Amino acid sequence: MRRVRFHTYGGPEVLRMEEAEAPVPGPGELLVRTEAIGVTLPCVRRVRGDGKGGGDPLPATPGGEIAGTVVGLGPDVTGFALGDRVTSLTLTGSYTELALAPVFLASRIPDGASAVEAVALVRSGQVALAALSTAAPQGAESVLITGAASGTGHLAVQLAKLQGVPRVVAAVSSAAKADFLYGLGADEVVVYDQESWGEPADIVLDGVGGALLPRALAALAPGGRLIFFNSGGGTVPAYELLAGAKTITGLTMRRFSTVHRELYEQHRAQLRELAGSGRLRAAVHAELPLDEAAKAHEIIEARANLGKVVLRP
């Protein structure tokens with residue numbers, strides 16, 4: 001099989017295609033022939049060595065989300081069969097023609113949906129819904145979303161409006177993304193380097209982190225809450241939390257999907273219904289062949305994407 005590998009940390013230039021033996025699924029694992037692979041900011045950060053806890057141990061295959069067909073089952077796997085079409089987060093990399101997927105993170109692709117739609121909508125939509133359910137906006141509370149034009153962010157904008165949030169602020173890297181986000185229902189669009197992001201928001205969904213985290217925290221109204229679901233890290237002064245009675249809650253899909261399994265299943269059904277009715281639209285910025293993974297990373301690093309970037313083996 002073919003896979004993308006990196007043997008040293010760095011930019012897109014360190015990604016290389018290579019041949020490898022097919023992996024063997026172990027307990028609790030599916031072997032999936034990939035049809036679509038999501039490219040995300042955390043993937044890019046791990047290749048550079050600046051992701052959560054540093055980069056992946058070298059050498060490594062980057063990635064974290066796939067859609068495709070089950071072609072192998074671990075010895076104790078139940079609930080899935082050969083030939084099932086699934087989407088999943090992966091724990092060992094996904095830029096490959098054959099990937100291992102943990103059963104507890106896998107779900108079937110809805111009937112009629114393509115693999116690209118599954119990666120663009122199902123996985124990113126689950127993250128967006130998990131962030132919103134963790135924040136639990138009420139009444140007239142407002143929501144600000146960083147990375148709002150990303151694969152997850154652009155869905156969060158739509159989902160917040162569908163949940164009745166009266167003021168949704170989209171925070172992005174460039175004013176050129178404004179029309180795209182207004183078209184999805186955003187009430188306001190702000191650019192990161194603006195002096196002011198407008199009136200403080202009751203909730204911030206932060207998909208960027210890093211150096212942007214202090215700005216995101218400062219954008220919270222007193223008593224506000226920030227949901228942190230990115231791999232960018234960042235540092236904030238504890239006194240600001242105390243003085244503003246603000247809270248930060250970390251969110252990982254691995255924990256959410258296991259601890260809140262029933263809610264995770266409800267979100268799956270909700271995404272299927274919203275997409276089927278046309279009320280939720282997953283934008284795909286680019287579909288690229290697997291051997292152009294470096295180009296996909298260049299798009300993400302430049303913050304040029306409007307929606308999801310997908311690799312096709």
Side-chain angles (χ1 to χ4, degrees), residues 40-42 45 50-53 124-173 177 181 184-257 259-260 263-264 267 303:
T40 65
L41 182 57
R45 284 172 165 161
D50 57 3
K52 178 182 177 182
S124 295
Q126 282 279 15
V127 176
L129 277 176
L132 282 166
S133 66
T134 302
Q138 302 290 325
E141 287 188 322
S142 55
V143 174
L144 183 147
I145 301 164
T146 67
S150 69
T152 297
H154 86 287
L155 295 176
V157 169
Q158 297 175 72
L159 290 165
K161 293 306 296 183
L162 287 168
Q163 290 184 10
V165 175
R167 175 179 172 245
V168 175
V169 183
V172 289
S173 60
K177 300 178 180 181
L181 289 160
L184 297 177
D187 299 291
E188 302 171 28
V189 177
V190 299
V191 179
Y192 298 147
D193 60 6
Q194 285 180 207
E195 183 177 348
S196 171
W197 288 3
E199 290 296 316
D202 299 293
I203 294 166
V204 171
L205 307 183
D206 184 17
V208 178
L212 197 69
L213 178 58
R215 285 295 308 272
L217 186 63
L220 273 181
R225 49 207 185 274
L226 185 150
I227 310 303
F228 190 81
F229 63 97
N230 65 80
S231 63
T235 303
V236 296
Y239 179 76
E240 185 169 347
L241 300 179
L242 176 63
K246 301 175 182 181
T247 61
I248 297 178
T249 301
L251 169 69
T252 66
M253 287 309 298
R254 179 171 185 171
R255 177 173 173 78
F256 186 90
S257 64
V259 175
H260 304 290
L263 183 56
Y264 186 82
H267 286 174
R303 306 293 197 271

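All of these numbers come straight from a predicted model, not from anything done at the bench.
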Test item: Phe229 and Thr134 side chains (from C-beta on) under 4.5 Å apart, heavy atoms: no
Nearest non-hydrogen partners of Leu226 and Leu217, listed with the distance: CD1-N, 3.9 Å
Verdict with reasoning, Arg225 to Glu141, per side-chain contact (heavy atoms from CB on, under 4.5 Å): CA-CA 11 Å; Arg225 49 207 185 274; Glu141 287 188 322; 2.6 Å; yes
Gln138 CD to Ile203 CD1 distance, which is reported to the nearest 0.5 Å: 8.0 Å
Residue pair Leu132 / Ile227, side-chain heavy-atom distance below 4.5 Å: no
Candidate pair Arg303 and Leu41, rule side-chain contact (heavy atoms from CB on, under 4.5 Å), full reasoning: CA-CA 9 Å; Arg303 306 293 197 271; Leu41 182 57; 3.7 Å; yes
Shortest non-hydrogen separation from Leu159 to Gly125 and the atoms involved: CD1-O, 4.2 Å
Mutual orientation of the aromatic rings belonging to Trp197 and Tyr192 [parallel < 30°, tilted 30-60°, perpendicular > 60°]: tilted
Minimum heavy-atom distance between Gly198 and Ser196, given as atom pair plus value: N-OG, 3.0 Å
Least distance between heavy atoms, Leu213 atom then Gly233 atom: CD2-O, 4.1 Å
Candidates Asp206, Thr152, Val208, Leu212 - the one meeting side chain to side chain contact (heavy atoms under 4.5 Å, CB included) with Asn230: Asp206
Heavy-atom pair of closest approach, residues Gln163 and Pro137: OE1-CG, 4.2 Å
Residues Ser133, His267; criterion side-chain contact (heavy atoms from CB on, under 4.5 Å); working and verdict: CA-CA 10 Å; Ser133 66; His267 286 174; 3.7 Å; yes
Heavy-atom closest contact (Val189 atom, Gln194 atom, distance): O-OE1, 4.2 Å
Gap between atom CG of Leu251 and atom CZ of Phe228 - 0.5 Å precision: 11.0 Å
Non-hydrogen side-chain atoms of Glu188 and Glu199 separated by less than 4.5 Å: no
